[in-house]
Peer 1: 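Following this message is one structure expressed as structure tokens.
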Amino acid sequence: MFKKVLIANRGEIALRVIRTCREMGIKTVAVYSTADRDSLHVKFADEAVCIGKPQSSESYLNIAYLMAAAEITNADAIHPGYGFLAENAKFAEICGDYGIKFIGPTPEMISSMGDKISAKETMIKAGVPVVPGTDGLLQSLDEAKGIARQMGYPVMIKATAGGGGKGMRIVWEEAEMEKAYTTAKAEAAASFKNDGIYMEKYVEEPRHIEIQIAGDQYGNICHLSERDCSIQRRHQKLVEESPSPFMTPELRMKMGEAAKKAASAINYESVGTVEFLVDKNRNFYFMEMNTRIQVEHCVTEEVINFDLIKEQIKIAMGERISGRDYEPEMCAIECRINAEDPYNDFRPSPGRITTFHQPGGHGVRVDSHAYAGYVIPPYYDSMIGKLITMAQTRQEAIATMYRALSEYVIEGVKTTIPFHLQLMQDDRFRSGNFNTKFLEDFILR
Ligand code: MV4
């Protein structure tokens, strides 16, 4: 039904979407900033439109420029990718106003998950477990102290407009409350222009496990199993895998059902992810819902042998989903290869890639927009690509990952490859016994 899709993004995800469109016989329009003239997504699309200057606000985040590009190329749909405008309800609404299908959920669905307190209220009504905490916004410091005393310390203060860790404070005892309350509120106001904060019981040493879901325009919802994203550093994921080494068939069923309830509660359409915190006793709590395709979607694609971008486009065209749930049939791991110096606090390392050789062979998938001679611009995130390996067992997927990482040759910029090589040899990582705190005391040698 779509003849032409404009991809409002750059880098590997733009290329990822172009690849699936080509397989589906859909024409593609790439957009690019002047810093991305030589990017592969520009070369591989059927058409390409320069939309402005390097700064995101002057290109990939500029709705007027994107709509102009869609108009002049006669695109009938826009794929937002991840990041940039992917979870911008206003952008989804404007696409609708222009008669261009936004390949994703409706503006209302995006908004309902963007505000964390109202998302939590929706989940409580739907019967999805949430972390115990305040009913709504905190009204005063005294209220915060009273509720914390009742619940017991430690507690966590979060911004209702937050997500991804901004405006969050752990409070271990009452003496710390005043400072935490004040600074969290100020940070929320500065970061989100919304100073609403709320409080929850602090879940100690949790795992981050998320459930991939898909819903069509007719109310059918299915889950596509989990990804374990506990290997993070300052809220940046570095490694994701499926199945989670912590998962049991019973927990998968329970979390899968909870994720479907969460999606059904807002009549969710498109692919999306429900994030949970999971404690050491396998209690799980709704954290957030991501109303977009994610970086780590490839892990799920490999374990269930399924093209999630194709599914997302088909849903946007009004097709029905099968409605059945999916269990992992393989083990897959993804390492994010970033142009960052892991020996120097993961400092970004943009610049020209002088030598570039990627791994291959059995059980290896590489998603990347880079090539020898490509210049990584300093304006955007530093991901060079994603290395995904898959095998029958986790142990074999790790062995393949180590082998594949060893085959990489990237010169000209620093990369996270040395970090991943050490992680794949780490006993605790290999045992599967880790949580979101794991990288706090991981030392690169
Ligand atoms: C929490 C938590 C512990 N208890 N909430 C981090 C990002 C934001 N989406 C929510 N986050 C957390 N919320 C309660 N009640 C711990 C985190 C958290 C975290 C969660 C997932 C992955 C990595 C993390 C790193 C630090 C803190």
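Order of listing sets the numbers, starting from 1, for every ligand and every atom in it.
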Peer 1: Taking the minimum heavy-atom distance to atom 9 (N) of ligand 1, which of E288, E205, K201, E440 ranks first?
Peer 2: E288
Peer 1: Should you measure from each heavy atom of V131, which atoms of ligand 1 turn up under 4.0 Å away?
Peer 2: 15 (N)
Peer 1: Backbone N or O of A332 within a donor-acceptor pair of the S242 side chain at under 3.5 Å?
Peer 2: no
Peer 1: Can we call the ring centroids of F419 and F442 under 6.0 Å apart?
Peer 2: yes
Peer 1: In terms of residue, atom name and distance, what is the protein heavy atom nearest to atom 18 (C) of ligand 1?
Peer 2: H235 CE1, 4.3 Å
Peer 1: State whether the side chain of R282 and the backbone N or O of F246 hold a donor-acceptor pair below 3.5 Å, judged by distance alone.
Peer 2: yes
Peer 1: Considering only protein heavy atoms, which is closest to atom 10 (C) of ligand 1, and at what distance to one decimal place?
Peer 2: M287 SD, 3.5 Å
Peer 1: Taking atom 1 (C) of ligand 1 as the point of reference, which of M156, R233, K166 owns the nearest heavy atom?
Peer 2: M156
Peer 1: Going by side-chain hydrogen bond (donor to acceptor under 3.5 Å, both in side chains), H208 matches just one of H235, Q232, E240. Which one?
Peer 2: Q232
Peer 1: For atom 7 (C) of ligand 1, what is the closest protein heavy atom, and at what distance to 0.1 Å?
Peer 2: G165 N, 3.6 Å
Peer 1: Are any of the heavy atoms in M168 under 4.0 Å away from ligand 1?
Peer 2: yes
Peer 1: Can you tell me how far the NE2 atom of H369 sits from the CG atom of D36, to the nearest 0.5 Å?
Peer 2: 7.0 Å
Peer 1: Which ligand 1 atoms are under 4.0 Å away from a heavy-atom of E200?
Peer 2: 5 (N), 14 (C), 15 (N)
Peer 1: Could you tell me, atom by atom, which parts of ligand 1 come under 4.0 Å of a heavy atom of H208?
Peer 2: 21 (C), 22 (C)
Peer 1: Taking T291 for its side chain and I110 for its backbone only, find out whether a donor-acceptor pair lies under 3.5 Å.
Peer 2: no
Peer 1: Among N290, L439, L277, which residue places a heavy atom closest to atom 20 (C) of ligand 1?
Peer 2: L277
Peer 1: I want to know whether F306 and Y326 have ring centres closer than 6.0 Å.
Peer 2: yes
Peer 1: So, 4.0 Å and heavy atoms of E204: is ligand 1 close enough to count as a contact?
Peer 2: no
Peer 1: For atom 4 (N) of ligand 1, grab the closest protein heavy atom and report residue, atom and distance to one decimal in Å.
Peer 2: V203 N, 2.9 Å
Peer 1: With heavy atoms of Y202 as the reference, note each atom of ligand 1 found under 4.0 Å away.
Peer 2: 3 (C), 4 (N)
Peer 1: For atom 13 (N) of ligand 1, which of the options Q232, E275, K158 provides the nearest non-hydrogen atom?
Peer 2: K158
Peer 1: Check whether the ring centres of Y380 and Y60 lie less than 6.0 Å apart, and answer yes or no.
Peer 2: yes
Peer 1: Tell me whether the guanidinium CZ or amine NZ of R10 lies under 6.0 angstrom from the six-membered ring centre of Y32 and within 45° of its axis.
Peer 2: no
